[in-house]
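Report on the following structure.
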Amino acid sequence: MLRYAASAVTLLLAGCVSGPDHVPPEIPLPAKFQEGGTKSNGDVVAAHWWTAYRDNQLDGLVAHGLSENLDVLQAIESINSASANVTVAGAGGLPSLDVGASHTVSGEKGSERTTIGTTNTTGSEASLSWLLDFFGQYRRSKESAIASLEAAYATADNAKLTFLKDLVESYIDARYYQQRIALSRANLKSRQQTYELTQLQLKAGGASRLDVVQAEGLVQSTKSDIPGLEQSFAESAHHIATLLGMPAASLMGELQKSAGQPVFRGDIRAGIPADLIRNRPDIRKAERELAAAVADIGAAEAQLYPSISLSGSISPSWVKSSGASGGTLTSWSFGPTLNLPIFDGGKLRANVDIEKSDANTQYLAWKEAVLNGVEEVENALSAVRRDTQTLEPLRRQVQTAQESLALSTTSYKDGASSLLDVLEAQRSVSDAQESLAATVQQVAKDYVDLYVAIGAGYLTEQVPVASERAAKSG
């Protein structure tokens, strides 16, 4: 009979679990992005897309930052806490054993004492308790803790992806400001030459004082632009240093070496919307948080039912009084305890409703994460295609503006045109160059947005997936 009872208890412990089981959520998605193809990307989490800029310094900054960025390190540290919580959650359903020992010496003094001498008492105690998890409260709690651990891994992955976006875009900004500074200095040199030519023309009677003042004004305007651009470059460089977890001064020297504006020379890999559910860490995080919330429903429901715990203790002791021989005494106890919730004012049922509401909220958060991911990819694809189409016309506009400036300058020297034509041509060149530099900057950022939106590149090496890592930790 004992054997059959033990078997029945084992079956109950293995098969009776309160609450619903988590089922991965689904959402209808189109077969392709509006401006994308129908080919799946597969696993892109380890794709080093930033190497397509062909900038060795950028590659080095990324490699260094993925292991040193403070936000990433904080997110990784939270994994340790979540891993320990798995152990805490599972410990409640296991037997616990406490052992203690003591030794005391006692006696009496004074005129009213009733005993003479001392008494030595040595004792020990062992107590065992085990809550029989018939309805799966602790098993559901451990499920929730494991899902939360997987969410912590996804959070760390998302921190890496956020770091990549911030770093690469800050680097693109820094190179853009360097390009603007170089263009401003070149334009300043050209405008200074025009100003000096106008002064010579004034002395020769071929120009008016107004012409000289206008030419000088354009020189001073160009000079005033440079400090602001230098400040913007410095801020971008300082931010890059912060992202790498180092003082700005240690990096400034390397970044001041101009390397030209980064240009992406890779393919457009958008994949299909279904890829996002696997590759984007924010979506995986939301799904794991949903799984944890569903498990919490079961843990809350288990508290509605009776609970049985087994407890026992044994306390051997040895007592010796002065002038007498010692003796032993052993006390023990063992038995089950039944706890049956009868009336709690609706608290336990309300706890179940709270967990169900939280699970519904987490489902909506997961759905929102998926739709936001699709939107980000759609926007990035559109931006890449539209902004790229403007590059060639802008390059041609710079060429025609420079040709117009050369013709205007020659004509002014020959006295066939006014200084106003030259100054206007110089402004056109400056505006066209600035527009081209800004578009090169934007296109480079568009590719960052695209590859971050598809969830690419946050793992620098192949590592176990989140569920495998969590299982090992559990």
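- In summary, the side chains of His239 and Glu169 do not present any donor paired with an acceptor at a separation below 3.5 Å, with no hydrogens or angles considered.
- Using a distance-only test at 3.5 Å, with no hydrogens or angles considered, no donor-acceptor pair links the side chain of Ser357 to the main chain of Asp353.
- Side-chain contact annotation: Asp55 with Tyr171, donor-acceptor N/O pair under 3.5 Å present.
- Considering Ser311, Ser96, Ser309 in turn, Ser96 is the only one that fulfils the side-chain hydrogen bond (donor to acceptor under 3.5 Å, both in side chains) rule with Ser129.
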Steps toward salt bridge (charged side-chain N to carboxylate O under 4.0 Å, His left out) verdict (Asp21, Arg140): CA-CA 9 Å; Asp21 292 325; Arg140 288 301 194 192; 2.8 Å; yes
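- Side-chain atoms of Gln179 do not come within 3.5 Å of backbone N or O of Gly260 as any donor-acceptor pair.
- With rounding to the nearest 0.5 angstrom, the CG atom of Asn279 is 8.0 Å from the OG atom of Ser40.
- The two residues Leu161 and Pro281 have their closest heavy-atom pair at CD2-CD, 4.0 Å.
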For Thr118 and Asn120: C-alpha separation, side-chain torsions, deciding distance, then whether side-chain contact (heavy atoms from CB on, under 4.5 Å) applies. CA-CA 7 Å; Thr118 60; Asn120 288 273; 4.2 Å; yes
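- With a 6.0 Å radius and a threshold of 12 heavy atoms from other residues, nucleotides or ligands, Lys165 has its NZ atom above the threshold.
- Using a 4.5 Å heavy-atom threshold, the side chains of Arg185 and Ile226 count as touching.
- One side chain, Asp446 or Gln442, offers a donor N or O that lies under 3.5 Å from an acceptor on the other.
- Nearest heavy atoms, Lys32 versus Gly37: CB-O, 3.2 Å.
- With Thr328 contributing its side chain and Ser317 its backbone, the two residues share no donor-acceptor pair below 3.5 Å.
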Are Ser236 and Asp173 close enough, and set up right, to give a side chain to side chain donor-acceptor pair (under 3.5 Å), and what steps lead you there? CA-CA 7 Å; Ser236 296; Asp173 288 342; 4.9 Å; no
Decide yes or no on side-chain contact (heavy atoms from CB on, under 4.5 Å) for Ser307 and Leu131, but give the supporting numbers first. CA-CA 7 Å; Ser307 63; Leu131 177 64; 3.9 Å; yes
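- Judged purely by distance below 3.5 Å, without hydrogens or angles, the side chains of Arg175 and Gln57 pair a donor atom with an acceptor atom.
- Atom-to-atom distance recorded for Asp358:CG and Glu289:CD is 9.5 Å, nearest 0.5 angstrom.
- Counting only distance, with no hydrogens or angles, the side chain of Asp267 and the backbone of Arg269 share no donor-acceptor pair below 3.5 Å.
- To the nearest 0.5 Å, atom CG of residue Leu61 and atom CG of residue Leu251 are 6.0 Å apart.
- One finds a salt bridge joining Arg284 and Asp157 here, because a Lys/Arg side-chain nitrogen approaches an Asp/Glu carboxylate oxygen to under 4.0 Å.
- Between His48 and Trp50, the ring planes are parallel. Angles under 30° get that label, and only those over 60° would be called perpendicular.
- Inter-residue side-chain proximity for Thr330 and Ile314 is flagged as met; some heavy-atom pair is nearer than 4.5 Å.
- Taking every heavy atom of both residues into account, Leu149 and Ser83 meet most closely at CD1-N, 3.6 Å.
- Atom CG of residue Leu276 and atom CD1 of residue Ile283 lie 5.0 Å apart, to the nearest 0.5 angstrom.
- The backbone N or O of Leu255 lies less than 3.5 Å from a partner atom in the side chain of Gln178, making a donor-acceptor pair.
- Rounding to the nearest 0.5 Å gives a distance of 13.5 Å between CH2 of Trp318 and OG of Ser124.
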Please determine whether side-chain contact (heavy atoms from CB on, under 4.5 Å) holds for the pair Asp71 and Thr162, giving the CA-CA distance in whole Å, both sets of side-chain angles, and the decisive distance to 0.1 Å. CA-CA 9 Å; Asp71 289 337; Thr162 301; over 6 Å; no
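- Between the OG atom in Ser313 and the CD atom in Glu125 there is a gap of 5.5 Å [rounded to 0.5 Å].
- Checked by atom type and distance alone, the side chain of Asp282 never pairs as donor or acceptor with a backbone atom of Asn158 at under 3.5 Å.
- Using modelled atom types, one finds a donor on one side chain and an acceptor on the other under 3.5 Å when comparing Asn80 with Glu77.
- Thr390 places a side-chain N or O within 3.5 Å of a backbone atom of Asp387 that can act as its donor or acceptor partner.
- In this structure the side chain of Leu290 reaches within 4.5 angstrom of the side chain of Val294, judged on heavy atoms.
- Side-chain atoms of Arg180 and Glu230, non-hydrogen and from C-beta on, never get closer than 4.5 Å to each other.
- Applying the 6.0 Å contact sphere to CZ of Arg278 captures more than 12 heavy atoms from other residues, nucleotides or ligands.
- With a 4.5 Å cut-off on side-chain heavy atoms, Glu355 and Asp296 count as touching.
- In this pair, Phe264 and Tyr447 present their aromatic rings parallel. The plane angle is below 30°, not in the 30 to 60° band.
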Go through the steps for Arg280 and Glu287 under the test salt bridge (charged side-chain N to carboxylate O under 4.0 Å, His left out), then give the verdict. CA-CA 11 Å; Arg280 279 185 61 123; Glu287 190 274 335; over 6 Å; no
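- Closest heavy-atom contact between Met246 and Ser250: SD-OG, 3.5 Å.
- Using a 4.5 Å heavy-atom cutoff, the side chains of Trp49 and Leu164 are in contact.
- A donor-acceptor pair is defined here as one N or O able to donate and one able to accept, closer than 3.5 Å; such a pair exists between the side chain of Asp275 and the backbone of Ile272.
- Residues Leu167 and Val62 meet the side-chain proximity criterion, which asks for heavy atoms closer than 4.5 Å.
- For the pair Glu301 (side chain) and Gly19 (backbone), a donor-acceptor distance under 3.5 Å is present.
- Within the 4.5 Å cutoff, no side-chain heavy atoms of Tyr138 are placed close to those of Leu94.
- When all heavy atoms are compared, the tightest approach of Ala147 to Ala292 is CB-N, 3.6 Å.
- At distances below 3.5 Å, at least one donor-acceptor pair connects side-chain atoms of Arg265 with backbone N or O atoms of Val263.
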